[in-house]
Amino acid sequence: MQPAQTVSEIPKQYEPKDVEARWVDRWESLGVFHANVNSERTPFVIACPPPNVTGALHLGHAVNGTIQDILARQHRMLGDEVLWQPGTDHAGIATQFVVEKKLYREERKTRHDLGRDEFVSRIWDWKQTYGDTILGQYRRLGASLDYKRWRFTMDEGYSKAVRRAFVHLYERGFIYRGNRMINWCPSCLTSLSDLEVSQVVQDDKLYFVAYPVLGDEGELVVATVRPETMLGDVAVAVNPGDTRYAGWVGRQVRVPLADRAVPIIADEHVEVDFGTGALKITPAHDMNDYEIGLRHGLPVINTLSASAVLNEAAGRYAGLTREEARRRVVADLENEGCLRKIEDYQHSVGHCSRCDSVLEPYLSDQWFVRMAELAKPAIAAVEDGRIQFHPARWGGVYLDWMRQVRDWNISRQLWWGHQIPVWTCSAGHQTVVEETPRTCAHCDSQELVQDPDVLDTWFSSALWTFATQGWPEQTAELKRFHPTSVLSTARDIIYLWVARMIFSSLEFLDDIPFKDVIIHATILDPEGRRMSKSKGTGVDPLLIMDKYGTDACRFWMAGAGTSAQDVRFREEKIESYRNFANKLWNASRFVMMKAVNGTEAPQRPAVISSVIDRWILSRLTGVVHDVSEAIARYEFGVATQILYEFTWNHFCDWYLELAKPRLDSGDEGVRWVLKEVLDTLLRLLHPFMPFITEEIYQLLGQRGWVSVVASLQQVAWPEPQAVWRDGAAERDVSLLIEIVRTVRNMRAELRIEPAKLVTEMVVLAGADERQLLEEHVSLLAKMTRCERWVFISDEQAVTELKCATGLAGVVRLYLPLTQFGDLLDKEIARLRKELNALESEQLRVDSQLANDAFVARAPVAVVQKLRDRSLEIVRQLEVVQQTLARWEGA
RNA sequence: GGGCGUAUAGCUCAGUUGGUUAGAGCGCCACGUUGACAUCGUGGAGGUCACUGGUUCGAGUCCAGUUAUGCCCACCA
């Protein structure tokens with residue numbers, strides 16, 4: 001331990017940088033974040049959502065990290081065995097792309113130039129070198145993750161878990177292979193699940209193309225946004241009830257540009273009112289057309305290659321991209337006189353959520369997970385409350401999706417990821433096993449070829465809560481740390497990840513993966529838009545942390561992250577919390593400076609006699625209670641608000657100011673109370689602001705004022721002290737404060753300079769109030785800069801006095817002024833203002849009391865309160881009116 | 001087309017089960033170097049709680065509708 005700094009050596013401004021750097025290292029070397037699997041304590045477990053291995057810390061991670069860290073740190077202080085499980089996700093497409101790009105940039109090579117094994121090994125190299133930058137960034141945040149347990153979704157044990165999961169689902173019939181229409185990204189060259197498609201509304205054209213009816217003079221005009229697909233048309237469909245075309249159903253039309261005859265069919269799917277009521281059917285390139293084709297036994301003509309270039313089936317358009325082909329087809333239709341008109345048209349188009357390319361509906365062989373059965377227990381777990389969402393409405397969002405969940409396409413045509421554990425022999429038998437097989441399970445053939453595809457990244461992250469604890473082995477960790485306690489995440493992965501973790505855990509472990517799910521708010525840019533890297537509207541939390549300190553950032557994020565609605569980022573907000581940190585720092589400096597009496601630590605007095613001390617302790621214990629409750633409900637914004645207000649307003653603005661004169665007069669109790677409040681406050685603030693609280697706590701420890709500990713993390717969370725609750729003290733001090741405020745207001749409005757010492761204050765008060773005030777005259781004198789306080793019990797005593805009049809509840813304050821004549825106008829203005837306020841209030845209060853229905857039906861307490869106030873107003877009005885009359889007459 | 005949110009001070013947001021005069025931070029105005037802090041202190045100004053109607057003794061709060069705005073889901077070419 002370094003030698004204690006003298007207080008004057010502690011800087012006047014809190015400097016976060018070196019404090020933070022020091023504690024990041026120290027906490028880790030102390031091992032306070034490491035969970036002991038053999039401990040007897042109650043486990044408290046959070047599985048941290050694994051960021052992409054390519055990732056860098058963004059505001060979303062920072063918010064989520066803060067929320068989880070608050071819980072982890074508080075639960076350590078509560079005495080739980082806390083495991084906050086860290087790790088990264090291999091992030092199939094994202095990572096493969098980063099490395100492919102780098103490979104091309106540096107070596108002008110594609111992955112095909114290297115071959116699969118070499119390419120995958122390059123990704124592993126990349127991962128070793130750059131992969132875990134986010135780890136260091138979490139440290140910067142102060143995240144108390146159990147870094148020794150860092151996991152990766154493709155490490156050895158995890159890969160075993162993935163194979164077990166696949167084989168298990170396959171053997172139970174939940175996984176099947178099917179030739180189906182899927183979302184295909186022609187740029188990523190892989191299939192995607194429905195959830196990886198983002199629908200974007202865009203402006204397009206609707207082309208009206210005439211198809212000549214064979215054996216008739218007529219023509220059938222169809223409306224389409226994709227004329228380039230017409231080379232793959234196999235029919236034209238109309239609604240069976242559409243009288244316009246009834247006679248033509250069963251006949252044929254010629255597909256322009258293709259010189260092919262196709263039938264006119266009738267299908268319910270066709271809307272009579274849309275376009276012309278005639279729909280061209282292209283089963284290979286449209287989900288609906290595919291369904292219609294199946295119903296009518298139509299052929300499928302695929303005119304596109306995997307990269308969305310037209311193929312041989314497109315005849316003379318082969319080799320063109322879909323965009324070029326569209327232009328050429330439209331021009332050719334125009335030339336042939338088949339284009340009837342073009343309309344502007346707005347519709348939604350599926351884009352790749354990764355690269356933003358327009359997706360193609362594409363017919364291919366893929367692996368799917370059959371969801372209907374798996375969804376049932378996952379629905380029940382949320383319906384019966386075993387799993388609860390916070391805010392609760394997200395549970396409804398989850399259920400809506402889960403109740404109509406569709407089968408999940410899990411195969412991806414990528415190289416980076418968990419290769420699907422299915423081997424096919426030369427005879428075409430499939431072997432599906434966990435360990436790579438030598439021979440076919442059906443025919444002893446040794447010519448086995450593994451399915452080249454890899455699994456959707458989310459297939460492996462769905463196992464996160466238990467695969468990280470050693471599943472499928474029955475490890476001690478799995479027994480102790482599963483199910484986890486809380487999951488905190490962003491709402492955009494409720495379906496992608498949360499839902500899949502729930503059904504996976506229920507299927508593989510027959511247990512829920514977590515009890516509570518916190519869905520944190522999304523942080524928007526200052527204009528209220530979603531932050532986006534590509535638009536440059538993203539905010540780098542690391543820069544903000546550099547500028548204002550991590551604690552200030554965290555304090556804001558705690559509140560923002562658990563807001564019920566989305567929150568705009570504004571630097572000024574962080575700045576105000578930087579100021580708050582500085583306030584805490586300086587209040588602590590003050591306590592250390594003043595509370596010390598020689599080198600002795602303050603001793604707890606036998607009796608806490610001062611009403612002011614009893615007041616702050618009463619408030620403090622309320623804060624302990626309320627903050628603990630708020631955290632238990634995951635309402636961190638409420639907690640930060642209470643802590644901010646208590647620290648700044650109650651403790652600094654009032655208690656410290658009231659303590660100053662008392663310290664001078666040798667009051668011993670105040671020293672201990674100062675220490676006690678600060679000690680408790682530091683514990684309460686620690687989960688939110690770990691660095692500054694740790695630093696100050698150590699400074700207190702060096703002075704022997706608190707027990708010396710390696711880290712504040714090892715100190716117990718405060719408990720409310722019922723004996724400190726003191727309503728009388730709270731009422732008394734409220735009155736003292738109101739009196740001080742009233743006098744200050746009088747001084748300000750009468751323009752009596754702050755420096756000027758007022759010689760006398762005359763107070764008219766009842767017996768109880770008078771006793772309270774008399775006990776605290778020297779305090780009042782210091783706080784208001786009025787030297788002498790004179791108490792009277794009869795108003796007559798002041799009627800002749802030249803003085804300003806103030807009302808503080810039931811107490812009247814008279815400020816005699818020698819130069820009163822100069823201030824008469826200002827005093828009259830003051831009283832007028834007061835009069836107006838009282839009169840309008842009287843009108844409101846009395847008219848309400850005059851309402852019989854109100855008096856009859858409102859609760860007695862409410863009515864009584866109003867009656868009391870009404871009487872009070874009368875008395876106050878009397879004082880103001882009389883005084884005003886006197887001065888206006890003067 | 002469905003679903004879920006949101007509209008409160010110049011700005012960003014709080015406002016629990018309906019109950020005196022609707023709060024905070026920032027900004028604004030006035031004053032201030034009293035020995036923790038100017039990243040500060042003291043005092044002050046500023047709001048028809050989006051609109052309309054309803055329930056109620058009483059509505060920012062509950063109900064219905066309207067408008068604006070955001071997000072999610074959905075196969076009308």
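Note that this is a predicted model, so its numbers are computed, not measured. Convention: sequence-line order gives letters A, B, ...; per-chain numbering from 1.
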Between [X] and [Y] (salt bridge meaning N to carboxylate O under 4.0 Å), is one present in this structure?
X	Y	answer
A/Glu827	A/Arg830	yes
A/Asp566	A/Arg491	yes
A/Arg322	A/Glu360	yes
A/Arg326	A/Asp204	yes

Side chain of [X] only, heavy atoms from C-beta on: which candidate in [options] is closest?
X	options	result
A/Arg741	B/G43, B/G41, B/A36	B/G43
A/Arg744	B/U42, B/A77, B/G25	B/U42
A/Arg393	B/C4, B/C76, B/A36	B/C4
A/Pro859	B/G19, B/U20, B/A77	B/G19
A/Gln13	B/A36, B/G43, B/U39	B/U39
A/Glu271	B/C75, B/A36, B/C76	B/C76
A/Arg844	B/G44, B/C37, B/U21	B/U21
A/Asp400	B/A7, B/A77, B/G3	B/G3
A/Glu749	B/G44, B/C76, B/U42	B/G44
A/Ala587	B/U39, B/A14, B/A36	B/A36

Say we look at [N] and [M]: how far apart would their [atom1] atoms be, to the nearest angstrom?
N	M	atom1	value
B/G18	B/C29	C1'	37 Å
B/C40	B/G25	C1'	16 Å
B/U52	B/G60	P	13 Å
B/A9	B/C75	C1'	48 Å
B/U6	B/G41	C1'	38 Å
B/C31	B/A68	P	47 Å
B/C62	B/G47	C1'	23 Å
B/U66	B/C72	P	24 Å

OP1, OP2 of [N] versus side-chain N and O of [X]: anything below 4.0 Å?
X	N	answer
A/Asn288	B/C76	no
A/Lys583	B/G41	yes
A/Trp648	B/G41	yes
A/Ser563	B/A14	yes
A/Arg406	B/C75	yes
A/Arg869	B/U20	no
A/Arg785	B/G32	no
A/Tyr14	B/C37	no
A/Asn586	B/C40	no
A/Gln565	B/A14	yes

**Prompt:** Do A/Lys12 and B/A38 have a side chain to base donor-acceptor pair shorter than 3.5 Å?
**Reply:**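 Result: no qualifying N/O pair found.
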**Request:** May I ask you to verify whether the side chain of A/Glu645 and the base of B/A14 hold a donor-acceptor pair under 3.5 Å?
**Result:**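 By the distance-only test, no, there is no pair.
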**Message:** So does A/Arg671 get a backbone contact from the side chain of A/Arg662, meaning a donor-acceptor N/O pair under 3.5 Å?
**Reply:**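 Looks like no, no N/O pair under 3.5 Å.
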**Complementary nucleotide for B/A59 - Watson-Crick or wobble, under 3.5 Å** =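 Partner of B/A59: none found under 3.5 Å.
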**Request:** Could you let me know what B/G41 is paired to, Watson-Crick or G-U wobble, both distances under 3.5 Å, or none if it's on its own?
**Result:**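 Base-paired to B/C31.
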**Message:** In terms of relative ring orientation, are A/Trp401 and A/Tyr495 parallel, tilted or perpendicular, with 30° and 60° separating the classes?
**Reply:**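 Parallel.
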**Prompt:** Contact class for A/Glu657 (heavy atom, under 4.0 Å): base, sugar-phosphate, or nothing?
**Reply:**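 It contacts base atoms.
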**Item:** Gap between atoms CZ and P, on A/Arg568 and B/A7 respectively (whole Å)
**Value:**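 So the CZ-P distance, A/Arg568 to B/A7, works out to 12 Å.
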**Asked** With distance as the sole criterion, is a donor-acceptor pair present between the side chains of A/Glu343 and A/Tyr207 under 3.5 Å?
**Response**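 No pair is found: no donor N or O on one side chain lies under 3.5 Å from an acceptor on the other.
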